[in-house]
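See structure below.
Chain letters run A, B, ... following the sequence lines, proteins first and then strands; every chain starts at 1.
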There are 2 protein chains.
Amino acid sequence: MVTYAINKEKLEKAAYILKTVAHPTRLAIIDLLNINEKMGVTEICEILNCEQSLISHHLINMKLRGILKSEKDGLNVYYSLKEKDVTKLIECIENCDCNM
Amino acid sequence: MVTYAINKEKLEKAAYILKTVAHPTRLAIIDLLNINEKMGVTEICEILNCEQSLISHHLINMKLRGILKSEKDGLNVYYSLKEKDVTKLIECIENCDCNM
DNA sequence: TTTATACATGAAAATATCATCATATAAGCA
DNA sequence: TGCTTATATGATGATATTTTCATGTATAAA
């Protein structure tokens with residue numbers, strides 16, 4: 001007989017987090033915020049060479065899903081990682097130099 | 001000036017892997033194969049209480065994307081993890097009991 | 001008090017993913 | 001040979017995600 005490790009709820013939560021993160025642009029944003037602590041929207045757009053509206057959508061989405069937080073200062077909105085833990089994922093992936 | 005850590009190619013690769021894995025059923029399969037080494041399709045279907053055709057699609061997809069491998073023995077096809085590294089991801093997520 | 005800047009929003013179009021069904025193939029067995 | 005079991009396949013429809021575009025709002029500055 002087989003043991004079944006993770007329960008359904010946990011699997012769904014994990015899949016949800018992974019899905020949120022499983023996108024090149026969003027990974028790039030997380031990566032940037034891992035190095036830079038706080039960044040404004042326009043700054044991110046410029047570095048990633050991506051449209052403002054699209055970046056905004058991604059940022060808001062990740063904020064909504066609990067991965068980022070934001071703080072307003074005048075005209076600017078600064079985004080940062082909410083849980084540093086997310087970067088563990090990135091590290092995993094970076095180290096994971098397997099033939100995938 | 002800002003440093004940009006991971007290159008585009010690596011980000012796309014990482015997102016690709018994450019996307020492949022970011023699904024409750026596929027996470028469950030990986031989890032099962034982490035415990036059980038090798039498993040037949042029907043067996044997986046029964047444990048996950050899921051239709052054969054759907055599980056087959058998932059399995060083949062994950063194999064295609066380099067996460068699983070398979071080996072045929074008579075009527076059965078046994079699937080197993082190709083790179084044990086994938087489970088590091090899962091462990092990350094499991095440990096990552098943050099408020100996400 | 002107009003104008004410019006930084007960001008958000010929402011709808012629509014483009015695209016990708018998932019689940020289902022019906023059927024195919026391949027191996028083993030009566 | 002014909003039947004059964006285990007798995008694969010492929011088309012289709014249902015859904016979800018991503019991108020784009022056009023526009024809205026808030027703040028600052030002239």
Side-chain angles (χ1 to χ4, degrees), chain A residues 2 8 11-30 32-33 36 38-80 82, chain B residues 2 8 11-30 32-33 36 38-82 100:
Chain A
V2 191
K8 207 182 169 189
L11 282 172
E12 264 158 20
K13 206 167 141 194
Y16 186 75
I17 297 168
L18 286 173
K19 220 188 262 178
T20 303
V21 159
H23 188 286
T25 306
R26 289 197 297 263
L27 280 179
I29 291 172
I30 290 170
L32 278 176
L33 292 177
N36 291 99
K38 281 179 189 194
M39 291 183 80
V41 179
T42 307
E43 197 182 1
I44 297 174
C45 290
E46 279 162 3
I47 294 173
L48 300 185
N49 192 31
C50 207
E51 224 204 330
Q52 179 268 320
S53 149
L54 183 51
I55 293 292
S56 249
H57 278 305
H58 282 311
L59 288 170
I60 287 162
N61 199 276
M62 286 197 282
K63 185 185 171 185
L64 228 66
R65 294 179 185 214
I67 288 174
L68 303 183
K69 62 186 177 193
S70 70
E71 134 200 17
K72 195 163 185 178
D73 178 17
L75 269 180
N76 304 290
V77 175
Y78 293 101
Y79 280 88
S80 55
K82 189 173 175 193
Chain B
V2 191
K8 205 181 169 190
L11 281 172
E12 262 158 22
K13 207 167 143 194
Y16 186 75
I17 297 167
L18 286 173
K19 221 188 264 178
T20 304
V21 158
H23 188 287
T25 305
R26 289 198 296 261
L27 279 180
I29 290 171
I30 290 170
L32 277 175
L33 292 176
N36 292 97
K38 281 179 189 192
M39 291 182 79
V41 179
T42 307
E43 197 181 359
I44 297 174
C45 290
E46 278 162 4
I47 294 173
L48 299 186
N49 192 31
C50 208
E51 224 203 330
Q52 179 269 319
S53 150
L54 183 51
I55 293 292
S56 247
H57 278 303
H58 282 310
L59 288 169
I60 287 162
N61 200 277
M62 286 197 282
K63 184 184 172 187
L64 228 66
R65 295 176 184 217
I67 288 174
L68 303 182
K69 62 187 176 190
S70 71
E71 133 202 15
K72 196 162 187 181
D73 177 18
L75 268 182
N76 304 291
V77 175
Y78 293 100
Y79 281 86
S80 54
L81 293 179
K82 189 173 175 193
M100 301 199 297

Here the gap from A:Glu43 atom CD to A:Leu48 atom CG, rounded to the nearest 0.5 Å, amounts to 10.5 Å

Across all chains, not counting sequence neighbours, the side-chain hydrogen bond (donor to acceptor under 3.5 Å, both in side chains) partners of B:Lys69 are none

Between its two end axes (five pairs each) the helix from C:dT1-D:dA30 to C:dA30-D:dT1 turns, nearest 10 degrees, through 10°

Between B:Val77 and B:Ser70, the two heavy atoms sitting closest are CG1-CB, 3.8 Å

dist A:Lys63:NZ -> A:Ser80:OG (nearest 0.5 Å) comes out at 10.0 Å

Separation of C:dC7 atom C1' from A:Ile29 atom CD1, nearest Å, is 14 Å

Between CD1 of A:Ile55 and P of D:dT20 the distance, given in whole Å, is 11 Å

Taken to the nearest whole Å, OH/A:Tyr78 to C1'/C:dA6 is 10 Å

Indicate yes or no: at least one non-hydrogen side-chain atom of B:Thr42 is less than 4.5 angstrom from one of B:Ile55.
no

Worksheet item: Taking C-beta and beyond as the side chain, do A:Lys82 and A:Leu68 meet within less than 4.5 Å on heavy atoms?
Response: no

Here the distance between atom C1' of D:dA8 and atom CE of B:Met62, to the nearest Å, is 15 Å

Counting only side-chain N and O atoms of A:Asn76, is one of them less than 4.0 Å from OP1 or OP2 of C:dC7?
-> yes

Rounded to whole Å, NZ of A:Lys63 lies from C1' of C:dC7 at a distance of 12 Å

Hey, is the main chain of B:His58 close enough, under 3.5 Å, to the side chain of B:Arg26 for a donor-acceptor pair?
no

In whole angstroms, the gap separating C1' of D:dT17 from CG of B:Leu18 amounts to 16 Å

Original post:
Is any side-chain heavy atom of B:Ile60 closer than 4.5 Å to a side-chain heavy atom of B:Tyr79?
Top reply: yes

Across all chains, not counting sequence neighbours, the side-chain hydrogen bond (donor to acceptor under 3.5 Å, both in side chains) partners of A:Gln52 are A:Ser56

When rounded to whole Å, the CD to C1' distance for the pair A:Glu71 and D:dA26 reads 17 Å

Would you say D:dA8 has OP1 or OP2 under 4.0 Å from some side-chain N or O of B:Tyr79?
yes

Side-chain heavy-atom pair B:Leu18, A:Leu27 within 4.5 angstrom cut-off: yes

Atom OH of B:Tyr16 and atom P of D:dT17 are separated, to the nearest Å, by 19 Å

*Taking side chain as C-beta onward, heavy atoms only, is A:Met62 less than 4.5 Å from A:Ile30?*
yes

Rounding to 0.5 Å, atoms CD1 (B:Ile29) and NE2 (B:His23) come to a distance of 9.0 Å

Close N/O contacts between protein and nucleotides 15-20 of chain C (under 3.5 Å):
from, atom 1, to, atom 2, distance (Å)
C:dC18, OP1, B:Arg26, NH2, 3.2
C:dC18, OP2, B:Arg26, NH1, 3.2
C:dC18, OP2, B:Arg26, NH2, 3.4
C:dA19, OP2, B:His23, NE2, 3.4
C:dA19, OP2, B:His58, NE2, 3.2
C:dT20, O4, B:His57, NE2, 3.3

Could you tell me whether A:Ile60 contacts a base, only the sugar-phosphate backbone, or nothing, with contacts defined as non-hydrogen atoms closer than 4.0 Å? sugar-phosphate

N/O contacts under 3.5 Å, protein versus nucleotides 23-25 of chain D?
none

Protein-proximity profile, nucleotides 24-30 of chain C, B/S/- by nucleotide at the 4.0 Å heavy-atom cutoff, equals --BBS--

- Message: Counting C-beta onward and ignoring hydrogens, is there a side-chain heavy-atom pair between A:Ile44 and A:Leu59 closer than 4.5 Å?
- Response: yes

So NZ of A:Lys8 and OG1 of B:Thr25: to nearest 0.5 Å the spacing works out to 8.5 Å

